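Below: one structure, written as structure tokens.
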Amino acid sequence: MLLGKTVLIIGAGRGLGREIAAASVRDGAQVMLAARNEDRLRELAAEVGDADTVDYCTADMRDPAQLEALVADVDKRFGQVTGLVICAVHDTGVGGIDSTTEDEWRTSFELNVFAAARAVKAVVPLMKRTGGSIVLIGSQQWIYPARDVPQLAYGATKGAIISMMYALSRELGPSGIRVNVVAPSWMWGPTVERYVGRQARDQGRTPDEVLSGIESRFALEKMPTDGDIAEVVCFFLSDRARAISGQSLLVNAGELGR
């Protein structure tokens, strides 16, 4: 499905970034992994592929110079980039209008919106050579804020990502570049597993009991996994989605239907 494609994953690490990398390699793509932690990148590259198909480059997408170096490295290594996935995110801030600090607002928007825009800007000149697909990772929080984990600033940034996607799809479409958003709700992976474990300890319950309470909200009664989200991302990266741009797809096991 991704034969002949080169996918750049920014924010590749444990969880969703790893699953997107693994699925992209499985489907035949060459993959460049980017994140700030070199040791983690090295481990991930060895896990998901070999030296012919996977490479990595340390980069902080908040730094324009590092983004330029990253794009140059992709060009030198693979000669193209046909897919960009931005997984890097600041999502640890919790709070509503009274408890969200000014620093939290700024930190959330700096990474989730401003840095994401910089990353797209850096990659577009290279992607214009071949056309391609940009996939932004959104969140259901922008339209359906979680009741038990208020994340006002984070949700607002994901709403901004939707608006950016609409504008970018129109601007970049004439160059053969598609732009879409994959918006998960809960995703079973390292982050949610840690959250469930903390809730179980705090509430004196078992992890299975906490997880069951969350999953009862889904029409399918089972939480999507990081791997499930990765499959949708790979679809958007592929030519099977060649006529799809300017779309946001909720991947939430039918949570809004309950």
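These figures come from a predicted structure and were not determined experimentally.
In this structure, R201 has no salt bridge (Lys or Arg N to Asp or Glu O under 4.0 Å) partners at least two apart in sequence or on a different chain. Here T6 pairs with Q30, Q80 under the side-chain hydrogen bond (donor to acceptor under 3.5 Å, both in side chains) rule; sequence neighbours left out. Under the side-chain hydrogen bond (donor to acceptor under 3.5 Å, both in side chains) criterion, R36 pairs with no residue, sequence neighbours left out. Annotation: side-chain hydrogen bond (donor to acceptor under 3.5 Å, both in side chains) contacts of E47 (sequence neighbours excluded): R18.
Residues R129 and D75 are paired through a salt bridge, judged by an N-O separation under 4.0 Å between the basic side chain and the carboxylate. Under the 4.0 Å criterion applied to side-chain N and carboxylate O atoms, D39 and R42 are assigned as salt-bridge partners. Using a cut-off of 4.0 Å between Lys/Arg side-chain N and Asp/Glu carboxylate O, E110 and R118 are scored as salt-bridged. Looking at R26 and E231, a side-chain N of the basic residue comes within less than 4.0 Å of a carboxylate O on the acidic one, giving a salt bridge. Using a 4.0 Å cut-off between a side-chain N of Lys or Arg and a carboxylate O of Asp or Glu, D27 and K5 do not qualify as a salt bridge.
Residue R242 places its CZ atom among 12 or fewer non-hydrogen atoms of other residues, nucleotides or ligands, all under 6.0 Å distant.
Residue pairs meeting the salt bridge (charged side-chain N to carboxylate O under 4.0 Å, His left out) criterion with at least one partner in residues 158-187, sequence neighbours excluded, do not occur; the list is empty.
Distance check, rounded to the nearest 0.5 Å: CG of L33 to CD of E43 gives 12.5 Å. We find the CG-CZ distance between L249 and F236 to be 5.0 Å, quoted to the nearest 0.5 Å.
The backbone N or O of V179 lies less than 3.5 Å from a partner atom in the side chain of S245, making a donor-acceptor pair. A donor-acceptor contact shorter than 3.5 Å is absent between the side chain of S212 and the backbone of D208. Not a single donor-acceptor pair under 3.5 Å links the side chain of S175 to the backbone N or O of I177. The backbone N or O of A200 sits nowhere less than 3.5 Å from a side-chain atom of Q203 that would complete a donor-acceptor pair. N180 contributes no side-chain N or O that, together with a main-chain N or O of S248, makes up a donor-acceptor pair within less than 3.5 Å. In this structure, the side chain of D55 does not engage the main chain of R77 through any donor-acceptor pair within 3.5 Å. A side-chain donor-acceptor contact under 3.5 Å links D228 to the backbone of T225. A donor-acceptor contact shorter than 3.5 Å is absent between the side chain of T53 and the backbone of G49.
In the hydrophobic cluster analysis, where Ile, Leu, Val, Met, Phe, Trp and Tyr join through side-chain heavy atoms closer than 4.5 angstrom, V81 is grouped apart from V48. One hydrophobic cluster holds both I10 and V181 under the rule that ILVMFWY side chains link at heavy-atom gaps under 4.5 Å. At a threshold of 4.5 Å between side-chain heavy atoms, the hydrophobic network of Ile, Leu, Val, Met, Phe, Trp and Tyr places M127 and L70 in one connected group. Residues L8 and M165 are members of one and the same hydrophobic cluster, defined by side-chain heavy-atom contacts under 4.5 angstrom among Ile, Leu, Val, Met, Phe, Trp and Tyr. Placement of I134 and V233 in two distinct hydrophobic clusters is found when ILVMFWY residues are connected by side-chain heavy-atom separations under 4.5 Å, directly or transitively.
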Inset, instruction - Go through Y154 and W105 one step at a time and tell me if the ring pair (Phe, Tyr, Trp, His ring centres under 6.0 Å) criterion holds. - result: CA-CA 8 Å; Y154 172 69; W105 279 107; over 10 Å; no
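When all heavy atoms of I229 and V251 are compared, the pair lying nearest together is CD1-CG1, 3.4 Å.
Side-chain contact annotation: N252 with Q140, donor-acceptor N/O pair under 3.5 Å present.
Between E221 and E215, the closest side-chain pair of non-hydrogen atoms is not below 4.5 Å. The side-chain heavy atoms of R62 and L111, taken from C-beta on, include a pair separated by under 4.5 Å.
Residue M1 belongs to no hydrophobic cluster, having no ILVMFWY side-chain heavy atom closer than 4.5 Å to its own.
Of the candidates D91, N112, T107, N112 is the only one forming a side-chain hydrogen bond (donor to acceptor under 3.5 Å, both in side chains) with T157.
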